[in-house]
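Report on the structure given below.
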Amino acid sequence: MLGMIKNSLLSTVEAWPYQVLSKGEKEQLSYEERACEGGRFAVVEVVGKPFDEASKEGVLKLLKYVGGTNDKGVGMGMTAPVSMTAFPAEDGSLQQKVKVSLRIPSQFQANPPCPSDESIKIEERQGMTIYSTQFGGYAKETDYVNYAAKLKSALGTEAAYRKDFYFCNGYDPPMKPHGRRNEVWFVKE
């Protein structure tokens, strides 16, 4: 626990590498098209709980893993964002299934430590192009759903992207009260 706290408070945060391809604004919503690098990710799936509860549970498990609860006992440092894969239902609300993921820090990409928690899996992911919009505050399910609807509206029918899931991203530790950064990402098809 101490390693997890020290890791999230004192370590530098490595950002998930990406390149902005274009920027747009429509219906008072700013968005970007980005190319995000692939790599290895620590992933935990939480099923049968509401989005906010499932996200919190998944994030805590991943923070423990990067904080040293792994086969090498090594604190790896933080990466941002913490990404929650949300699965929308027909009515736009979110299903009770969330995949929480964290990109493995660069120095551990080639050989990530094995998680001590068996529910955490290491996944190799390809690079992807995304549409992203940003907002502040302490994000909850209703905020992500709201901004996903705004992004969908702003992109209209000309943009092709995956409709079966989207990413809800948080960049800041819980103890940062101001200037918080959250994003919704749609994966371009």
Side-chain angles (χ1 to χ4, degrees), residues 4 7-24 30-46 51 54-70 74-87 98-115 117 120-139 143-144 147-148 151 155 159 161-162 164-176 179-189:
M4 180 181 84
N7 194 46
S8 64
L9 286 176
L10 304 176
S11 67
T12 57
V13 176
E14 179 183 318
W16 182 345
Y18 69 84
Q19 178 182 352
V20 176
L21 303 175
S22 66
K23 293 182 179 207
S30 296
Y31 59 91
E32 295 179 338
E33 182 180 353
R34 299 179 189 162
C36 296
E37 276 187 22
R40 288 194 170 98
F41 290 76
V43 181
V44 62
E45 190 170 314
V46 182
F51 180 85
S55 300
K56 201 175 292 179
E57 181 180 314
V59 167
L60 281 173
K61 286 182 178 198
L62 294 178
L63 287 177
K64 286 178 185 172
Y65 166 64
V66 298
T69 307
N70 52 60
V74 62
M76 293 183 271
M78 253 330 268
T79 59
V82 173
S83 189
M84 284 81 61
T85 308
F87 300 90
V98 179
K99 280 177 89 171
V100 184
S101 57
L102 197 57
R103 191 171 193 276
I104 304 281
S106 297
Q107 72 184 84
F108 297 97
Q109 273 287 317
N111 188 19
C114 293
D117 183 333
I120 299 173
K121 307 294 180 221
I122 304 300
E123 287 183 5
E124 180 81 34
R125 295 185 180 171
Q126 299 302 311
M128 61 184 169
T129 301
I130 56 132
Y131 296 106
S132 171
T133 191
Q134 186 173 321
F135 61 98
Y138 284 95
D143 303 305
Y144 288 119
Y147 277 91
L151 182 57
L155 292 173
Y161 56 88
R162 298 282 303 262
D164 54 333
F165 71 91
Y166 58 86
F167 293 105
C168 304
N169 302 286
Y171 283 79
D172 304 299
M175 49 300 263
K176 181 180 178 184
R180 298 182 64 77
R181 177 180 174 188
N182 309 290
E183 295 178 342
V184 170
W185 293 359
F186 290 168
V187 178
K188 189 174 179 179
E189 287 187 314

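Position 1 is the first residue of the sequence, and the numbers go up from there.
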For a 4.5 angstrom cut-off between non-hydrogen side-chain atoms, does [X] reach [Y]?
X      : Y      : value
Glu45  : Thr85  : no
Val187 : Tyr161 : no
Phe41  : Trp16  : yes
Val44  : Leu62  : yes
Lys188 : Met128 : no
Val74  : Phe108 : yes
Leu102 : Met78  : yes
Pro81  : Glu183 : no

Short side-chain to backbone donor-acceptor contact, [X] and [Y], under 3.5 Å:
X      : Y      : value
Glu57  : Val46  : no
Tyr138 : Pro174 : yes
Asn182 : Cys168 : no

Which atom names give the shortest non-hydrogen contact between [X] and [Y], and what distance separates them?
X      : Y      : answer
Tyr65  : Asn70  : O-ND2, 2.9 Å
Ile104 : Thr79  : C-CG2, 4.2 Å
Ser101 : Val43  : CB-CG2, 3.7 Å
Pro112 : Ile122 : CG-CG2, 4.0 Å
Arg103 : Gly38  : NH2-O, 2.8 Å
Ser30  : Thr133 : O-OG1, 2.8 Å

* **Qualifying residues under ring-ring contact (aromatic ring centres under 6.0 Å, His included), relative to Tyr144, sequence neighbours excluded** =>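 ring-ring contact (aromatic ring centres under 6.0 Å, His included) check on Tyr144 returns Phe51, Phe135.
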* To do: Could you pull out all residues at least two apart from Lys176 that satisfy salt bridge (charged side-chain N to carboxylate O under 4.0 Å, His left out)?
  => Asp172
* Counterpart residues, salt bridge (charged side-chain N to carboxylate O under 4.0 Å, His left out), relative to Arg40 (two or more places apart) -> Glu124
* Residue pair Ser132 / Glu32, side-chain donor-acceptor N/O under 3.5 Å -> no
* Any Lys/Arg nitrogen of Arg125 or Glu123 sitting under 4.0 Å from an Asp/Glu carboxylate oxygen of the other? ->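 Salt bridge flag = yes for Glu123 with Arg125.
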To the nearest 0.5 Å, tell me how far [X] [atom1] sits from [Y] [atom2].
X      : Y      : atom1 : atom2 : answer
Gln134 : Leu151 : CD    : CG    : 12.5 Å
Gln109 : Met76  : CD    : CE    : 10.5 Å
Phe186 : Glu33  : CZ    : CD    : 14.0 Å
Ser83  : Tyr166 : OG    : OH    : 12.0 Å
Ile130 : Asn169 : CD1   : CG    : 7.5 Å

* Asked: Does CD belonging to Gln126 count more than 12 external heavy atoms closer than 6.0 Å?
  ->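 Count not over threshold, so no.
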